[in-house]
Each structure stands twice: as structure tokens, then as C-alpha cells.
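Ligands are counted one by one from 1 in listed order, and the atoms in each one are counted from 1 as well.
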Amino acid sequence: MVNIAAPIIGLEEKKAVQRVLQSGILAQGPKVSKLQNDFALYCGTKYAVALNSGTAALHCALFTVGIGFGDEVITTPFSFIATINPILMVGARPVLVDIEPQTFNIDISKIESAITKKTKAIIPVHLYGQPCDYAEIQALAKKHKLIVIEDACQAIGAYYGKKKAGSLGNLGCFSLYATKNIMSGEGGIVTTNSKKHADAIKRFRQHGTDKQYEYTHLGYNYRMSDLHAAVAVEQLKKVDKFNKARSKNAELLTKKLANIPGLELPITGKNRSHVFHQYTIRITPKFGATRKQLAESLKAKGVGSGIYYPKPLHAYSHIAKLGYKQGQFPQAELAAREVLSLPVHPKVTKADINLIVATIKKVARAQN
Ligand SMILES: *Cc1c(COP(=O)(O)O)cnc(C)c1O
């Protein structure tokens with residue numbers, strides 16, 4: 001079976017966990033500190049703060065910049081639900097802006113008309129591992145004095161120009177969930193160059209304190225354990241190798257799937273690199289077979305595929321009730337109907353790719 005995602009766990013990760021178990025320091029400790037140092041160095045930011053999920057990372061980022069009731073935060077309707085829930089968690093209003101059909105990222109040309117007096121921040125999502133056009137976002141943020149919180153959960157190691165995802169905005173949010181490019185089972189990180197924000201997030205992850213029993217503000221238990229950090233430290237050493245393998249697989253798929261009518265392949269925008277958290281194609285009506293038929297044919301051959309995401313976020317009731325309607329974000333809605341992600345993770349072999357390509361071509365031929 002070629003799964004759509006597969007964590008890669010080596011001897012290094014196993015040994016590292018064992019050492020933590022033997023040390024007796026299981027909760028937040030020296031491994032978390034090491035991960036924070038290594039992660040900041042990798043991303044090119046002054047600080048990184050480890051948390052227990054990417055969702056917690058986004059919640060912390062929104063909290064630390066002071067976003068709350070009455071504020072508006074601009075983001076995309078085509079992402080994982082965890083992009084938007086933290087906006088609701090701090091009591092702010094998510095203001096959605098449709099996506100660009102080629103990159104699946106927020107359509108920057110449509111952001112300005114969504115900005116109001118209440119807008120405080122933008123959360124661009126580097127979807128599938130491809131950074132947004134940051135120069136354009138930065139110009140808008142500067143003009144309207146907005147904070148930028150990158151949702152870089154899928155884009156560790158991706159470049160925009162000479163800078164890495166997570167070092168572009170005021171704060172960057174990452175996830176170390178089991179299916180991400182590098183993982184620790186569960187986990188999250190916030191990156192920033194602001195000491196003030198890094199310190200506030202360290203308090204927020206620990207009941208609003210950095211001194212035992214002195215609580216300066218509201219907080220949660222968002223701490224990462226040293227067991228998880230030990231895995232992440234080892235994974236981070238391998239991230240470039242993993243990303244390279246993903247890019248190579250993506251390149252091969254793109255070469256071999258070219259010129260199939262009705263099939264649209266992923267495109268990387270200029271001045272950036274794509275780390276292919278997902279390799280996502282569109283099955284358009286011209287393809288003949290439906291997305292479901294193609295996914296079933298792949299499954300029959302032992303190939304897993306995934307739909308990220310089957311519904312745009314404004315279709316979920318707790319978002320829809322904010323006043324959103326079907327038809328409001330046509331590109332996000334179309335993408336939700338057409339996208340299919342194919343396996344590209346480092347365990348995918350050349351033979352697997354040949355099988356995927358042959359299966360897709362056979363389905364295509366049966367239609368024409
Ligand atoms: C994975 C992911 C998150 C949330 O991360 P968790 O660690 O699962 O909480 C947020 N946004 C995007 C785009 C993601 O892919």
C-alpha cells in the first residue's frame with residue numbers, strides 16, 4: 001500500500017526517546033529548549049517557542065499580539081479548520097478572502113477590499129507547502145498597519161526569496177503533527193524575532209506564568225513534552241533531506257502526468273520554493289472520470305490519495321453562521337470539488353510513481 005502520508009522514524013528518534021525516558025525528565029525540559037534553539041536557527045528567526053500543537057501555536061500568536069473581541073482577522077476559506085478556529089478562540093472575527101486558483105493560496109488582489117477599521121491581522125496560509133507571495137502581503141500589511149501571522153504548518157523549509165517560511169511575518173506558526181513534513185506525533189512551534197512576543201507565548205503556554213504561582217494573565221497548558229521534543233530535534237536534522245525527496249517525487253509526477261486532458265498539475269509561483277507537503281492535482285470535467293472514480297481506481301491498485309479539503313471553511317456551520325453563504329468564494333468552492341492529493345512523501349519510490357502514473361493514464365484513456 002502506498003499511503004498518502006507516512007511518518008519516517010529512524011533509530012535516532014527511537015534512541016532519543018529512550019534517553020529521555022531514562023533521564024526521568026519527561027515534561028517540558030532541556031529537549032524542548034534544544035528544539036527551540038535549533039528551530040529558530042533553522043528558520044532564521046531569533047526565537048522559537050515549542051507548544052503541543054499547531055492549533056496552539058496559532059492561538060498563542062493571536063493572543064500575544066492582543067487580538068480579541070471586536071477585531072477582524074483576514075484569512076483563507078481553503079485550509080484546515082485549525083487556521084480559523086484560533087481566531088474564534090480569541091473572540092475575533094475571521095474575514096475570509098477567496099483563493100488564487102493556480103496556487104490555492106489566498107488571492108492577495110482581493111485582500112484590500114476586505115480590510116476595515118477593525119482589521120488587525122492577516123493569516124496567510126502557505127498551503128500544501130508553497131509560500132504566499134509575501135512581498136505583496138508585506139506591502140499591504142505595511143500600508144494598513146496589520147500584523148502578519150503566517151500559517152506555515154505545511155511549509156517548513158520552504159523559501160520565499162532568500163527567507164524561509166515562518167521568518168517572513170511578525171510570527172510564524174508550525175505543526176509537528178504526525179503527517180507533516182517533519183513531526184513529533186503532536187506538536188507546534190511559533191517563530192518570531194520579538195522577544196516580547198516569545199516571552200508572552202512562553203507564559204501563555206503555562207497558565208500565564210514564568211514564575212511559579214505568579215499568574216500575570218490568562219494561560220493554558222500548551223507545553224510540549226521532552227519526549228515529543230526529542231523526536232522533533234532528530235526530525236529537524238533530516239528536514240532538508242525529506243523535503244528534497246518530496247520535491248524530487250513531485251518533479252517526477254509533474255513530468256510523467258503532463259498533457260493529460262482535464263488534469264491540472266501543481267504550479268510553483270516565482271521567487272519561492274515548494275516543499276510539497278501535498279502534491280495536489282485538479283480533476284476537471286474535461287478529464288471524463290470523476291475524482292471519486294479516480295481515487296477508487298488508485299485505491300484498487302493500493303495507492304492512497306486524499307482530498308484536502310473537501311469543503312471550504314465557510315461551509316461549516318460554526319463559520320457559516322457568521323454570515324457566509326455558498327457561492328461567496330467560488331474559487332475555494334471549485335477547488336474543494338476538484339482537488340486530489342497524490343503520495344509524494346519520502347517513502348514513495350520510483351516504482352510507486354510509475355504505478356500512480358500508469359493508473360491515472362489508464363483511467364484517462366478509458367474516458368477518451
Ligand atoms: C496541521 C495544520 C494546522 C494545525 O496543526 P495541529 O498541529 O494539527 O494543531 C494548522 N494549519 C494548517 C494549514 C495545517 O496544515
Numbered atoms and elements of ligand 1 in range of Ser175, under 4.0 angstrom, heavy atoms:
1 (C), 5 (O), 6 (P), 7 (O)
For His274 versus Ser247, what's the shortest heavy-atom pair and its separation?
O-OG, 3.6 Å
Heavy-atom count around Glu251 CD within 6.0 Å, excluding the residue itself: above 12?
no
To which protein heavy atom is atom 11 (N) of ligand 1 closest, and what is the distance rounded to 0.1 Å?
Asp151 OD2, 2.8 Å
Has Lys164 got its NZ or CZ under 6.0 Å from the middle of the six-membered ring of Tyr42, at an angle within 45 degrees of the ring axis?
yes
Determine, for Asp226 against Lys31, whether the closest basic-nitrogen to carboxylate-oxygen distance falls under 4.0 angstrom.
no
Which option wins on minimum heavy-atom distance to atom 2 (C) of ligand 1: Gln154, Lys180, His59?
Lys180
Out of all atoms in ligand 1, which are within 4.0 Å of some heavy atom of Ser53? Include the element for each.
7 (O), 9 (O)
Atom indices of ligand 1 within 4.0 angstrom of Thr83 heavy atoms, with elements
11 (N), 13 (C)
If we set the cut-off at 4.0 Å for heavy atoms, which region of Thr55 has an atom near ligand 1: side chain, backbone, both, or neither?
both
I need the contact type for Ser79 against ligand 1. Using non-hydrogen atoms and a strict under-4.0 Å cut-off, is it side chain, backbone, both or neither?
side chain
Identify, by atom number and element, the atoms of ligand 1 in contact range of Gly187, meaning under 4.0 Å from any of its heavy atoms.
7 (O)
So the atoms of ligand 1 within less than 4.0 Å of a heavy atom of Gly54 turn out to be 5 (O), 6 (P), 7 (O), 9 (O)
What pairs meet the side chain to side chain donor-acceptor pair (under 3.5 Å) rule with one or both residues in residues 7-22, with sequence neighbours excluded?
Glu12-Lys238, Glu13-Gln235, Glu13-Lys238
Please determine, by modelled atom types, if Asn85 and Tyr316 share a side-chain donor-acceptor pair under 3.5 angstrom.
no
Phe80: partners by ring-ring contact (aromatic ring centres under 6.0 Å, His included), with sequence neighbours left out
none
Ranked by distance from atom 4 (C) of ligand 1, the top protein heavy atom is Ala82 CB, 3.6 Å
